[in-house]
Structures are given as structure tokens and as C-alpha cells.
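One structure is given here, and the rest of the page talks about it.
Every heavy atom of this structure was used, including side-chain atoms; hydrogens, water molecules and symmetry mates were not. Only a predicted model underlies this, so the values are computations on that prediction, with no experimental measurement involved.
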Amino acid sequence: MSRNEAAPGTVTAPPGRIRRMLSHLYIQCLIAVLLGAAVGGLWPSVGADLKPLGDGFIALVKMFIAPIIFCTVVHGIASMGNARAVGRVSLKALVYFEVLTTVAMVIGLVVVNVVKPGSGLHVDLSTLSAKGLPPEATTAHEGFAQFALAIIPATLISALTGNEILPVLLVSVLFGFGLHASGEAGLSIARGVEKFSTVLFTLIRWIMRLAPIGAFGSMAFTIGNYGLGTLRHLALLVGSFWLTALFFVLVVLGTVMRLNGLRLLPFLRYIKEELLIVLGTSSTEPVLPRMMAKLQHAGASKPVVGITLPAGYSFNLDGTAIYLTMGSVFLAQALGVHLSLTQQLAMLAVMLLTSKGAAGVTGSGFIALAATLSAVPHVPAAALALVFGVDRFMSEARALTSLVGNGVATLAVARWEGELDEDRAKAVLRGEIPYAPAPAHSAVPAEPGPKQTPAPEALPEPTRDPVPVAR
């Protein structure tokens, strides 16, 4: 028998098909996540030591996020014929964010009051210590005035070198309007910004090849450092939170997609690679550049994507919103603190502020929960020690929910603005127009019109075509 012939009765996949499957990033990430979980479970100390792999990958991508947002927003605004369209898009996005965030918090509040995962624990507060908590969880947190002032960077350049997204958006919008109002001088600079962004996306494509390594290291650290046994003690909280997040995605976000003529499950298949990267790293930031490119490929206009998606990373953290209500009430239940409906609604109002500005990085939800507890006197901050050990197991659900929520928000705002090619979006989600990053040496195409096909990850030439008014 030839070595290439299979034994009678066996079925083997052609080597070429296996190679094609392994060439897909989502398959590589899935294998990496499973291997990371196995390593962390079998050799906990080894898994805990692999944390730098995940941290290094996230740091590499974060290095490019601010410049990519700047280039995308600046070029998008400079290309608009009607500057008022930017304000219109921003207003619609913020209204949408507030409504969906409130819905997410109310759902979390209802679930935690019905399931009561913390009831019966009868934790003695004197036995809890804040010693093992991260410093950010025990320090004073900013109010609304400090939050608003923090959006203004110290210098124009410092916005691009910091870790916050909102200052980058502020500088980008101002710079884009300045180029738009500068005529031919602004147009030439906009072309330079567009060419620079092409280089950035090329570098991001190279870095994303390291995503499986980052996912492997992060998952191995999570399982190795915290252990699956930790879940047994707080399984009801973790399980109910995951199910609540799943309900929000399938029902609430699914309804939003249906109202906009699209379907959620095809969209989830379309971003499966990004979902697996987020699952492995517990962070939405590494996939921001790819999400921007994929949403443009799906027919959403570049200006709407450039404004809505980055803003959602600070204003539309649906997963964090659910976590804040469930985590706060769980801690109150565990300590035997009764919260009336009025007190819970007042806590929800505080959360509408503390949930904003939290970057989509690992642990941001826990810090937002600490900020919430510091603003309400009913539950002491030391109670955070109860959930610190299992917070990492909920951070994946927070990140996944927020990623899907921001993608859906971008498509919805684009459609309301008349800036979504609906026929193309449906074809892309059906898999008829597969996403493929443009090669680095390819020519940059001209700016597509509102109902034309935008090239994936391509950054178009600036034009002065007006953005159509939403009807």
C-alpha cells in the first residue's frame, strides 16, 4: 500500500484541506485557546508564567490604536462635504449608547434580584481585607467634572501617546474639522494622513499573525493562576452572568439587527476570528483595527465607522454594564445588606457614569465596579475581595458582549445615517463577499460613494462628496 493511501474503511481529510483550515486565524486562535486552557490546568505554575505572551501581544496592538483612530477619524471628517454630519452621527451614536447601556444594566439588575447568587453566604465583613486588591480598586475615583476634564489632553501629541481613547477622539475631530476648513492645504495633508494609515494597517496585519500566541499565553495564565476550582465557590454568579450576557446579545442585540434589516448570527460568524481573539485575551482593544476594517468591508461608510466604533469603546460597554449591576447587588447580598429599589436605581444612575471611559482592556470592569462602590455608601470597597478571584472568568464575557454590542451599534448608526450599503452588508454576512485584507503593495482605490463597495482595510482618497442626509 502506498503511504499516501488510507487503510480500508478509514476516512482522511486531504492534506491541502487541513492546511487551508489551519491557515485561518480563527482556527489558530481556537487551537491556541484550548492548548492554553490545557497547559494552565495541567501545569498551573507554567501557565501562570506565560502571562507575558498575552500582555506583549496586547501591548503591540495598543501601540497602534491611537494613530489608527486619529488617521481614520481625521480622513473621514476631512472627506465630508457637510461638517454637520459629524455632529449628527455623534449625537445618534451617543443616544444609542445610553439607551443600550441602560437596558443592559436593567437586565442585569432584574437577573441578580431573581437569581440571588449572593443570598445565604453571610460573609463577615471583618474577615475581608483589601490588601490583595489592585491599587486602582482602593483609591479615590473621579467625579463627572474630573472625567470631563480628563478628555482634554495636556498637548496635541500626548493624546496619541496616552492610554485613553476619548482624548484621541477629541483631537481627531478637531484636527479633521481644521483640515476640512483649510481648503487645498487641508486636502493635501489629508492625503498624507491616508497614506500613513495604509502603512499602519499593513503593520497591524503583520502583528495579528501573533494573535494565537497572545491568546495561548493569556488563557494559560488565567487557568493556571486562578484555577478552575475557584469557580465552584462562585459558580452561580459566574454562570448567571454569562447567561445574562448571552441573553443580551441574542435577544437585545439580535432585535436591533432585525430592526435594521440584518441578522445577528451571520454577523457573529463574520467576526468569529475577532471573537476568539477577545476570548483568549479578555480584551477588545487588540481587534479594534480589524473591526474597523471589517465593518467598512460590510458596507458601513468610513466616517461613521471611524466615529462610532472607537466612541463605543468608552461609551458602550454593554458587558461591563451588566457586570456592574450584578456584581454590586451580589456583594450586597453576600454581606446581608438589603438594598431597596430606590437605592438600586440610585446605584444604577451612578453606574451610568462609572461605566464610561473604561477602556476595553482586561480588568477595566473590576475597576469600574470599585468606582461604583466608592460612590455609594451601602457596600464597602473591601467586599471586592469576594469577586476578585473569579473576575477574570467574567472578563471574557464582558469583552465579548461589548465587542458585539459596538459592532451592532456601528451598523445601526450607519443605517440610520443612510451610510450603510444594505445589499452589500447582507451579501457579506451571507459569506458571498468574503473578507480578505488587501495586500500591502496594492494600490489604494478611490473613495466609494454611499452605496458603493468600500475596499477592505483600504484607505480611500479624500473627496468633497457630501454625506447624504438621513431620512
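Within the model, atoms CG of Asn316 and CG of Leu94 stand 10.0 Å from one another, a figure rounded to the nearest 0.5 Å. Here the CG atom belonging to Leu265 is positioned 7.0 Å from the CG atom belonging to Leu250, to the nearest 0.5 angstrom. With rounding to the nearest 0.5 angstrom, the CH2 atom of Trp416 is 8.5 Å from the CG atom of Leu259. Within the model, atoms CD1 of Ile204 and CZ of Arg209 stand 12.5 Å from one another, a figure rounded to the nearest 0.5 Å. From Leu403, atom CG reaches atom CZ of Arg398 across 14.5 Å, with rounding to the nearest 0.5 Å. Remark: Leu100 CG to Asn406 CG distance equals 10.0 Å, nearest 0.5 Å.
Annotation for Gly108 and Met326: closest pair O-CG, 3.4 Å, computed over non-hydrogen atoms. Residues Gly407 and Leu295 come closest through the heavy atom pair O-CD2, 4.0 Å. Smallest separation of non-hydrogen atoms from Thr401 and Ala245: OG1-CB, 3.3 Å. Summarising the geometry of Ala300 relative to Leu411, their closest heavy-atom pair is CB-CD2, 4.5 Å, with the distance given to 0.1 Å. The two atoms that bring Leu170 and Pro153 nearest to each other are CD2-CD, 4.2 Å, heavy atoms only. A pairwise comparison of heavy atoms in Val168 and Ala66 identifies CG1-O, 3.6 Å as the closest pair.
The aromatic rings of Phe241 and Tyr323 sit perpendicular to each other, their planes meeting at more than 60°, with 30° as the lower class boundary.
Among Val408, Leu253, Leu262, the one residue that satisfies the side chain to side chain contact (heavy atoms under 4.5 Å, CB included) test with Phe267 is Val408. Looking at Val249, Thr284, Val278 one by one, the single match for side chain to side chain contact (heavy atoms under 4.5 Å, CB included) with Val404 turns out to be Val249.
Looking at Phe216 and Ile31, their side chains never come closer than 4.5 Å, going by heavy atoms from C-beta outward. In this structure the side chain of Met257 never reaches within 4.5 angstrom of the side chain of Arg263, judged on heavy atoms. With contacts defined as side-chain heavy-atom distances shorter than 4.5 Å, the pair Tyr96/Val256 qualifies. When side chains are defined from C-beta on, Leu53 does not count as touching Phe221, because their heavy atoms never get closer than 4.5 Å. Counting heavy atoms from C-beta on, the side chains of Val103 and Val106 never come closer than 4.5 Å. Looking only at side-chain heavy atoms (C-beta outward), Phe57 and Pro286 come within less than 4.5 Å of each other. Residues Ile107 and Ile322 have side chains not in contact (no heavy-atom distance under 4.5 Å, counting atoms from C-beta outward). Taking the side chain as every heavy atom from C-beta outward, Lys426 and Leu429 never approach each other to under 4.5 Å.
Side chain of Ser328 to main chain of Thr325: no donor-acceptor pair is present (N/O by atom type, distance under 3.5 Å, no hydrogens or angles). Under the 3.5 Å distance criterion, the side-chain polar atoms of Thr101 are left unmatched by any main-chain donor or acceptor of Glu98. Although no hydrogens or angles enter the test, the distance criterion places a donor-acceptor pair under 3.5 Å between the side chain of Arg415 and the main chain of Asn260. The backbone N or O of Glu194 lies less than 3.5 Å from a partner atom in the side chain of Ser197, making a donor-acceptor pair. Within the 3.5 Å criterion, the main-chain N or O of Val112 finds a donor-acceptor partner in the side chain of Gln333. His297 contributes no side-chain N or O that, together with a main-chain N or O of Ala425, makes up a donor-acceptor pair within less than 3.5 Å. Side-chain N or O atoms of Lys294 include none that pairs as donor or acceptor with a backbone N or O of Met291 at under 3.5 Å.
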Stepwise, does the side chain to side chain contact (heavy atoms under 4.5 Å, CB included) test hold for Leu275 with Leu279? CA-CA 6 Å; Leu275 292 174; Leu279 177 64; over 6 Å; no
In sequence, state the C-alpha distance, the side-chain angles, and the governing distance for Val111 and Asn113, and then conclude on side chain to side chain contact (heavy atoms under 4.5 Å, CB included). CA-CA 5 Å; Val111 171; Asn113 279 283; over 6 Å; no
May I have the step-by-step check of salt bridge (charged side-chain N to carboxylate O under 4.0 Å, His left out) for Arg290 and Glu273, ending in yes or no? CA-CA 10 Å; Arg290 283 179 62 93; Glu273 293 178 353; 2.4 Å; yes
Side chain to side chain contact (heavy atoms under 4.5 Å, CB included) for Cys71 and Leu200? Distances and angles first, verdict last. CA-CA 9 Å; Cys71 292; Leu200 292 177; 4.0 Å; yes
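Within the structure, every pair that satisfies the side chain to side chain donor-acceptor pair (under 3.5 Å) test and touches residues 37-59, not counting sequence neighbours, is listed here: Lys51-Asp55.
Within a 6.0 Å radius of CZ in Arg258, other residues, nucleotides and ligands contribute 12 heavy atoms or fewer.
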